Amino acid sequence: MNFIKTHGSRILAAVLTLLVFSVLAAFFSGSVLKSVSDMAAWYSTPINVGAFEEPEEEIEEEVEEILPDFVTIVTEGANVRNSPGVKDGTISAQLKKGDQLEVTGEQMVGETVWYEVLLSDSDEKLWISSKAVKEE
């Protein structure tokens, strides 16, 4: 025990010196240089992130349209047409303010939404502009 207390720092210095010489010898022999260049190549290799990800399953869900159940006419008179749009649809009926219609679909024509509606006295599907109604 006395030997270690007396010569411990010298032993440690000798071990460290041997370690430094071993590293220097390996460095100059090329083995350290080779491993450093291997590491540099590994770090510079681009990683294909997609290769590690699980492919997402395609989820086919039917998206339910959010339609109002009913619309109420808010203008003094409103034309109900056989197809959406003023140019293509011919007037099938004219309704009065306060009439309520069941909505079965919708379609954009230009910048206007047209609702496909059912008249209360028939099963015929007709179209009315969203400008003439309010959603219920």
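Values in this document were obtained by computation on a predicted structure and should not be read as measured data.
Listed by chain and number, the residues in a salt bridge (Lys or Arg N to Asp or Glu O under 4.0 Å) with Lys96 are Asp99 (sequence neighbours excluded). Here Glu136 pairs with Thr72 under the side-chain hydrogen bond (donor to acceptor under 3.5 Å, both in side chains) rule; sequence neighbours left out.
One hydrophobic cluster, built from ILVMFWY side chains closer than 4.5 Å, holds both Val71 and Leu126. With hydrophobic clusters built from ILVMFWY side chains whose heavy atoms lie under 4.5 angstrom apart, Val103 shares a cluster with Ile128.
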Validation: residues 76-86 side-chain donor-acceptor distances under 3.5 Å, sequence neighbours left out:
{"residue": "Asn79", "atom": "OD1", "partner": "Gln94", "partner atom": "NE2", "Å": "3.3"}
{"residue": "Arg81", "atom": "NH1", "partner": "Gly89", "partner atom": "O", "Å": "2.8"}
{"residue": "Asn82", "atom": "OD1", "partner": "Thr90", "partner atom": "N", "Å": "2.9"}
{"residue": "Asn82", "atom": "OD1", "partner": "Thr90", "partner atom": "OG1", "Å": "3.3"}
{"residue": "Asn82", "atom": "ND2", "partner": "Thr90", "partner atom": "OG1", "Å": "3.1"}
{"residue": "Ser83", "atom": "OG", "partner": "Asp88", "partner atom": "O", "Å": "3.4"}
{"residue": "Ser83", "atom": "OG", "partner": "Gly89", "partner atom": "N", "Å": "3.4"}

Could you pull out all donor-acceptor pairs under 3.5 Å where a side-chain atom in residues 107-119 meets a protein atom, sequence neighbours excluded?
{"residue": "Thr112", "atom": "OG1", "partner": "Lys131", "partner atom": "NZ", "Å": "3.4"}
{"residue": "Tyr115", "atom": "OH", "partner": "Glu135", "partner atom": "OE2", "Å": "2.5"}
{"residue": "Glu116", "atom": "OE1", "partner": "Thr104", "partner atom": "OG1", "Å": "3.0"}

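Taking CD of Gln100 as the start and CZ of Phe70 as the end, the distance is 5.5 Å to the nearest 0.5 Å. In this structure, the separation between OG1 on Thr75 and CG on Leu95 is 9.5 Å, given to the nearest 0.5 Å.
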